[in-house]
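Below: the structure, in structure tokens.
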Amino acid sequence: MAVKAQVPGAVIDVQHYIFALQLTDADNNIKGQATVGVKFLKNADAFNLDLVKKNVEGKGMLVSAVTENGKNLRFVQDSGAVKIYTNAKTGSMHSYKVSYAGVPADGLIISTNNFGHRTFFGDNWPNRAHNWLPCVDAPADKASVDFVVTAPDHYQVVSNGLKIKEQQLPNHLKLTHWHEAVVVPTKVMVIGVAAFAIDHPGDAGNIPVYTYVFPESKEAGFKSYAVAKDILPFFIKNVGPYSYEKLANVQSKTIFGGMENASAIFYFEESVTSPGIEELMAHEIAHQWFGDGASEKSFWHLWLSEGFATYMTNLYLENKYGADTLKKRMLADRKKVLEFEKKRLTPVVDSAVKSDYMQLLNANSYEKGSWVLHMLRRKLGDDLFWKGIQNYYAKYRGSNANTDDLRREMEQASGQNLKPFFNQWLRKAGHPDLNIGWYYDAGKESVSISVEQKQDNLYDFPLEVAINGEIFHIQVKDKTTSAQFSVKTKLETIVIDPNVNVLASFSIAAQ
């Protein structure tokens, strides 16, 4: 298991959270007591927990008390954090209780579903958890977590980890306690509270798989969500062990199509009848390894989450439905990348984004990140590619990585210097834009091909050309690259990139 990462410059490293929450049908107010176990990384007389303060519109949280060992501590709450005054030495462990209440401005979505029934769903990505939870709301500070939810007893509660207690209380209330022993970032810590129909379609090895859907969606949902049990084994076999105690797939109210909460994935409400449910589930389940298990150190490296989930979905579908399925998906994804670049020309690792991380939910993070992995797979071959991926996951499972960490693992597995590859595809904006000319000399029985890179930044990459169905390779690296190939029969067809292996745009014409 990897050493837990830390937020750069952080005063504390959270070890564990216990969030005791009270929910009601009377209004949207929640009452909370957060127990936050922390390790101090430096001597400190104060530290911050992220928490959105109650505003003039009545949304947000108001802290009423902070205690340590029953003793009240001084604190100051501003718009985005609560500052807690303490006296702590480097390496010391402390546990603080934060009592608070309010109406979540975001992060916990309290609404009604399509059937008119009240629901509560955590929706924390990227850094929206601190709208309802006092926490360090950054992907590099991972912690184990307990949710202890008291709510009207007509609800079921689902959350991360294992359900360890369900207790009937007076006044038609029920307490439900979930415990996640594995450290996870706040972006994937959630609760889902609703009237659910629950199914257990099977297990993947020793991992139980559950379905939580609204009762009105029971028939369709139980059937469509059951595919999850068939997806898990692909990633366990090819990437590494599944980190969590169970997998629950949950029909929900989320602003996303799917949200990869650790061991409790939330899907959009209409997903139960969506024809694309298998690929959506494959994407979110892949995140349990990439994004949840091995998390990015900062959101600039989001492609390590979204690009991986996108390509792992393609690999799952290729494995199940064949190579043509992969080709079609890579063609569609290439088109998305090239269209996106017309609107916004930025590198995949985009350090220009400072706060609004929703901007990073784009074709660079998803489809271009996936394309980089596809080209890396073709460059290394399947055996070395999977070896590198497995080593990367084994090293950073339960921790955090950035792009260079992945590069080093792939270099170690392959024995190749991959810095130029990573730099040109991930740290520079754009793609190869090629002008390809060809000339057939019947007398010499040869085809001459010239490849011109029209863009300013020159790329170095292999280009496949199919001449009469036979594959030839050109290593493109200069402004203009020329190659000549013998052709034994009359020229009939020339196809550029027939196997869809390079992220490029191109035009081709006879010379």
Side-chain angles (χ1 to χ4, degrees), residues 16-35 61 64 97-104 107-124 129 131-135 144-181 184 188-200 208-218 221-222 225 244-254 259 261-267 269:
H16 186 70
Y17 295 105
I18 302 172
F19 297 117
L21 302 165
Q22 296 177 45
L23 310 178
T24 174
D25 282 338
D27 54 38
N28 289 348
N29 276 283
I30 68 170
K31 290 182 180 178
Q33 184 181 74
T35 304
M61 298 295 143
S64 56
K97 281 187 167 60
V98 181
S99 300
Y100 66 101
V103 177
L108 181 67
I109 309 302
I110 305 173
S111 64
T112 54
N113 65 17
N114 287 343
F115 307 103
H117 302 309
R118 185 170 168 84
T119 62
F120 307 74
F121 285 102
D123 204 16
N124 290 344
N131 284 285
W132 62 295
L133 303 172
C135 60
S144 49
V145 62
D146 283 61
F147 280 100
V148 185
V149 179
T150 300
D153 61 6
H154 59 89
Y155 294 117
Q156 283 82 41
V157 178
V158 65
S159 184
N160 313 100
L162 286 177
K163 183 163 67 175
I164 59 174
K165 186 178 185 182
E166 193 172 69
Q167 178 184 350
Q168 190 69 36
L169 300 175
N171 302 316
H172 300 288
L173 296 174
K174 185 169 63 179
L175 180 147
T176 311
H177 184 176
W178 287 83
H179 171 67
E180 178 54 83
V184 294
V188 293
M189 295 179 182
V190 290
I191 57 170
V193 182
F196 286 118
I198 303 168
D199 190 28
H200 175 205
V209 178
Y210 297 100
T211 295
Y212 285 72
V213 293
F214 304 138
E216 296 87 346
S217 302
K218 178 177 176 179
F222 283 4
Y225 277 20
Y244 309 108
E245 300 91 340
K246 62 97 175 47
L247 174 63
N249 296 284
V250 185
Q251 183 183 18
S252 73
K253 299 285 289 188
T254 168
M259 182 58 223
N261 311 303
S263 81
I265 301 171
F266 288 0
Y267 301 91
E269 199 166 351

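Everything quoted here is computed from the prediction, not taken from an experiment. We number each residue from 1, following the sequence as shown.
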>> Restricting to non-hydrogen atoms, name the atom on Pro104 and the atom on Asn28 that form the minimum distance, rounded to 0.1 Å.
In response: CD-O, 3.6 Å
> With sequence neighbours left out, which residue pairs that include part of residues 108-124 fulfil the salt bridge (Lys or Arg N to Asp or Glu O under 4.0 Å) condition?
Replying inline: Asp25-Arg118, Asp123-Arg128
>> Working to the nearest 0.5 angstrom, can you tell me the gap between His177 NE2 and Lys165 NZ?
In response: 8.5 Å
> For Gly161, does its backbone N or O pair with a side-chain atom of Ser263 as donor and acceptor, under 3.5 Å?
Replying inline: yes
> Is the closest side-chain heavy-atom distance between Ile109 and Thr254 below 4.5 Å?
Replying inline: no
> Roughly how far apart are Ile265 CD1 and Asn249 CG, rounded to 0.5 Å?
Replying inline: 5.0 Å
> Got Asn160 and Trp178 here, is their nearest side-chain heavy-atom distance under 4.5 Å?
Replying inline: no
>> Return the CD1 to NZ distance between Ile110 and Lys253, rounded to the nearest 0.5 Å.
In response: 13.5 Å
> Relative to each other, are the rings of Tyr210 and Tyr212 parallel, tilted or perpendicular (30° and 60° limits)?
Replying inline: perpendicular
> Shortest non-hydrogen contact from Ala197 to Phe222?
Replying inline: O-CE1, 3.7 Å
> Do Tyr100 side-chain atoms and Trp132 backbone N/O form a donor-acceptor pair below 3.5 Å?
Replying inline: yes
> Within the side chain of Asp27, is there an N or O that forms a donor-acceptor pair under 3.5 Å with the backbone of Asn29?
Replying inline: yes
> Does a donor on one side chain and an acceptor on the other come within less than 3.5 Å for Asp153 and Gln168?
Replying inline: yes
>> When you measure from the side chain of Gln33 to the backbone of Ser99, do you find a donor-acceptor pair of N or O atoms at a distance under 3.5 Å?
In response: no
> Does Lys174 use its side chain to pair, donor to acceptor, with the backbone of Glu166 at less than 3.5 Å?
Replying inline: no
> Taking all non-hydrogen atoms of both residues, which atom of Phe147 and which atom of Ser159 are closest, and how far apart?
Replying inline: CD1-OG, 3.2 Å
> So how far is it from Phe121 CZ to Glu269 CD, rounded to the nearest 0.5 Å?
Replying inline: 8.0 Å
> Can you check whether Ser217 reaches Phe115 side chain to side chain, under 4.5 Å on heavy atoms?
Replying inline: yes
> Any donor-acceptor pair under 3.5 Å linking the side chain of Thr112 with the backbone of His117?
Replying inline: no
> Hey, are the side chains of His200 and Ile198 touching, using non-hydrogen atoms and a 4.5 Å cut-off?
Replying inline: no
>> Strictly distance-based, threshold 3.5 Å: is any side-chain N or O of His16 a donor or acceptor partner for the main-chain N or O of Ser144?
In response: yes
> Going by the angle between their ring planes, with limits at 30° and 60°, are Phe214 and Phe196 parallel, tilted or perpendicular?
Replying inline: parallel
> So which heavy atom on Phe120 is nearest to which on Thr24, and how close?
Replying inline: CZ-O, 3.7 Å
> Out of curiosity, Asp146 CG to Thr35 OG1, how far, rounded to the nearest 0.5 Å?
Replying inline: 9.5 Å
> Nearest heavy-atom pair of Val190 and Ala264: which atoms, and what distance?
Replying inline: CG2-O, 4.2 Å
> Just wondering, are more than 12 heavy atoms of other shown residues or ligands nearer than 6.0 Å to NZ in Lys246?
Replying inline: yes
>> If the test is side chain to side chain contact (heavy atoms under 4.5 Å, CB included), which one of Asn131, Val103, Leu21, Ile30 qualifies with Leu108?
In response: Ile30
> What is the distance from atom CG of Leu173 to atom NE2 of His154, rounded to the nearest 0.5 Å?
Replying inline: 9.5 Å
>> Give me the atom names and distance for the closest heavy-atom approach of Gly107 to Asn124.
In response: O-OD1, 3.5 Å
